[in-house]
Amino acid sequence: MVVGDVSGMTGHQTSSSPAIHLRGVTKTYPRRGHDEDLRIIDGLDLSFRPGELVTIVGPSGCGKSTILKMIDGLTPVTSGSISFEPGSPKPRMGFVFQDYANALAPWRTVQKNVEFGLEIEGVASRTERAEAATRYIEMVGLQGFETAYPRELSGGMQQRVQLARVLAYEPDVLLMDEPFGSLDAQIRRVMQEELRRILETLDRTVLFVTHDIEESLYLGDRTVVLDHRPARVLTDFEQGERTSSYEEFTASDEFRARYNEVWSLLQGGRGPA
């Protein structure tokens, strides 16, 4: 499904965000010509509380994206378990990918792209789908572009369309896999601000994967730092409430100390940052 995974969604009504627990999670892949499988994640224990925004940062190839895919059910766990609390009904998952261009249907307008997932899931009437799409198009700041096609939009605007489409499901858990990684620095900053603004109005558990230390510190209520594969937690810390601007935050002594701490840990790990 090109719009991203929507596991367990039977409607777009709101429900409480779940806690997520990973216990002894291991993920391996077979390697041709090798006796031993490639171990990406090895006995990982992590928990995420309801409603928190957790950034997961680490070197490329350390298993960050794999963790999101296992939580979503797109990739099976080799051993260990992933559970949700409460466990019933199964939480609805919304997945925002880095590759926004391939996530959108080029023959559909912004309005119809945002409605697309609801349509194929048979959620709500045509009028209700249109109303939901309109709400989230406005939320991501694309009002006035409802009839535009993806080719007529900038990269940042296309990523907003993908975000609106996922949010239209009103998922309990929002999984974001380096969603701003393909954007230039200026647009990336705008999208970071927009994401913070949007999430302040929503009660959702959000897991945000990035390889950018600065982004992880700016966006996260909590930051988990992973070592090179097989993934293990190097540090896991809470961050205080931020009321300062991006410029003030990144110029602060607190930010610099945290940045240097994470950088040092990644450099001291078993692979390049």
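Along the sequence shown, the residues carry numbers beginning at 1.
In this view, Asp184 satisfies the side-chain hydrogen bond (donor to acceptor under 3.5 Å, both in side chains) rule with no residue, not counting sequence neighbours.
Ile137 and Tyr149 are members of different hydrophobic clusters when ILVMFWY side chains are connected at heavy-atom separations under 4.5 Å. Both Val233 and Val209 are members of a single hydrophobic cluster when ILVMFWY side chains are connected at heavy-atom separations under 4.5 Å. Hydrophobic clustering places Ile213 together with Phe237 (ILVMFWY residues linked when any side-chain heavy atoms are closer than 4.5 Å, directly or through intermediates).
The distance from atom CD1 of Ile40 to atom OG1 of Thr26, rounded to the nearest 0.5 Å, is 11.5 Å. To the nearest 0.5 Å, atom CG of residue Leu207 and atom CG of residue Leu174 are 8.5 Å apart. Asp45 contributes atom CG, which lies 14.0 Å from atom CZ of Arg232 (distance to the nearest 0.5 angstrom). From Leu202, atom CG reaches atom CE of Met139 across 5.0 Å, with rounding to the nearest 0.5 Å. Taken from OH in Tyr29 to CG in Leu38, the straight-line distance is 9.0 Å, to the nearest 0.5 Å. Annotation: the span from Cys62 atom SG to Asp227 atom CG amounts to 8.0 Å, rounded to 0.5 Å.
Between the side chains of Arg165 and Asn113, at least one donor N or O lies within less than 3.5 Å of an accepting N or O. Side-chain polar atoms of Glu178 and Thr210 form no donor-acceptor pair below 3.5 angstrom. Gln239 and Thr223 form a side-chain donor-acceptor contact under 3.5 Å, judged by distance and modelled atom types alone.
When atom types are taken as modelled, the side chain of Asp203 and the backbone of Gly51 share no donor-acceptor pair closer than 3.5 angstrom. A donor-acceptor pair under 3.5 Å is absent between the side-chain atoms of Gln159 and the main chain of Gly156, judged by distance alone. A side-chain donor-acceptor contact under 3.5 Å links Asn260 to the backbone of Arg256. Under the 3.5 Å distance criterion, the side-chain polar atoms of Gln158 are matched with a main-chain donor or acceptor of Leu153. Using a distance-only test at 3.5 Å, with no hydrogens or angles considered, a donor-acceptor pair links the side chain of Arg204 to the main chain of Pro171. Checked by atom type and distance alone, the side chain of Glu215 never pairs as donor or acceptor with a backbone atom of Asp212 at under 3.5 Å. Side-chain atoms of Thr78 come within 3.5 Å of backbone atoms of Thr28 as a donor-acceptor pair (strictly under, hydrogens ignored).
A salt bridge links Arg49 with Glu238: at least one charged nitrogen is closer than 4.0 Å to a carboxylate oxygen. The existence of a salt bridge linking Asp236 and Arg222 is confirmed by a sub-4.0 Å separation between a basic side-chain nitrogen and an acidic carboxylate oxygen. Taking 4.0 Å as the cut-off between side-chain N and carboxylate O, Glu194 and Arg160 count as a salt-bridged pair. A salt bridge links Asp42 with Arg39: the distance from a Lys NZ or Arg NE/NH1/NH2 to an Asp or Glu carboxylate oxygen falls below 4.0 Å. A salt bridge is defined here as a Lys NZ or Arg NE, NH1 or NH2 lying under 4.0 Å from an Asp or Glu carboxylate O, and Lys112 with Glu115 meets this definition. Ion pairing between a basic and an acidic side chain is recognised when a charged N comes within 4.0 Å of a carboxylate O; Arg108 and Glu119 show such pairing. Salt bridge present: Arg189 and Glu193 bring a charged side-chain N and a carboxylate O closer than 4.0 Å.
Of all the heavy atoms in Leu226 and Leu266, the pair that sits closest is O-CD2, 3.5 Å. Contact record, His21 with Ala19: NE2-CB, 3.9 Å, taken as the closest heavy-atom pair. Taking every heavy atom of both residues into account, Gln98 and Gly181 meet most closely at NE2-C, 3.6 Å.
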query: How far apart are the C-alpha atoms of Leu68 and Asp72, what are their side-chain angles, what is the distance that settles it, and do they pass the side-chain contact (heavy atoms from CB on, under 4.5 Å) test?
result: CA-CA 6 Å; Leu68 295 193; Asp72 189 58; over 6 Å; no
task: Test His34 against Glu36 for side-chain contact (heavy atoms from CB on, under 4.5 Å), laying out the working first.
output: CA-CA 5 Å; His34 291 78; Glu36 293 185 358; 5.7 Å; no
- request: Apply side-chain contact (heavy atoms from CB on, under 4.5 Å) to Met157 and Leu142, showing your working.
  value: CA-CA 7 Å; Met157 294 171 78; Leu142 283 179; 3.8 Å; yes
field: Working for salt bridge (charged side-chain N to carboxylate O under 4.0 Å, His left out), residues Glu200 and Arg197
entry: CA-CA 5 Å; Glu200 283 175 358; Arg197 176 185 63 79; over 6 Å; no
message: Between Met70 and Ile82, is the side-chain contact (heavy atoms from CB on, under 4.5 Å) condition met? List the steps.
response: CA-CA 8 Å; Met70 289 191 299; Ile82 297 176; 3.8 Å; yes
Working for salt bridge (charged side-chain N to carboxylate O under 4.0 Å, His left out), residues Arg135 and Glu170: CA-CA 12 Å; Arg135 174 188 172 195; Glu170 298 191 354; 2.8 Å; yes
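Put simply, the side chain of Lys27 reaches to within 4.5 Å of the side chain of Pro76, judged on heavy atoms. Looking at heavy atoms from C-beta onward, Ile67 lies in side-chain contact with Leu44 at the 4.5 angstrom threshold. Between Thr147 and Gln111 there is no side-chain heavy-atom pair separated by less than 4.5 Å. Counting heavy atoms from C-beta on, the side chains of Asp177 and Ser65 come closer than 4.5 Å. Contact annotation: the side chain of Thr205 never approaches that of Phe84 to less than 4.5 Å [non-hydrogen atoms, C-beta and beyond]. Taking the side chain as every heavy atom from C-beta outward, Gln192 and Tyr218 approach each other to under 4.5 Å. Val96 places none of its side-chain heavy atoms less than 4.5 Å from the side chain of Leu175. Between Glu261 and Val225, every side-chain heavy-atom pair lies at or beyond the 4.5 Å cut-off.
In this structure, Arg258 fails the cation-pi test against Phe255, since its NZ or CZ atom is not both closer than 6.0 Å to the six-membered ring centre and inside 45 degrees of the ring normal.
When each of Pro50, Pro91, Ser83 is paired with Pro18, the side chain to side chain contact (heavy atoms under 4.5 Å, CB included) condition holds for Pro91 and for no other. Only one option out of Leu53, Ile71, Val206 pairs with Phe48 in a side chain to side chain contact (heavy atoms under 4.5 Å, CB included); it is Ile71.
Within 6.0 Å of CD in Gln143 there are more than 12 heavy atoms belonging to other residues, nucleotides or ligands. The environment of Glu85 atom CD is sparse: at most 12 non-hydrogen atoms of other residues, nucleotides or ligands sit within 6.0 angstrom.
The aromatic rings of Tyr259 and Trp263 sit parallel, their planes meeting at an angle under 30°, below the 60° perpendicular limit.
A ring-ring contact (aromatic ring centres under 6.0 Å, His included) check over residues 171-196, counting only residues at least two apart or in different chains, returns the pairs Phe180-Phe208.
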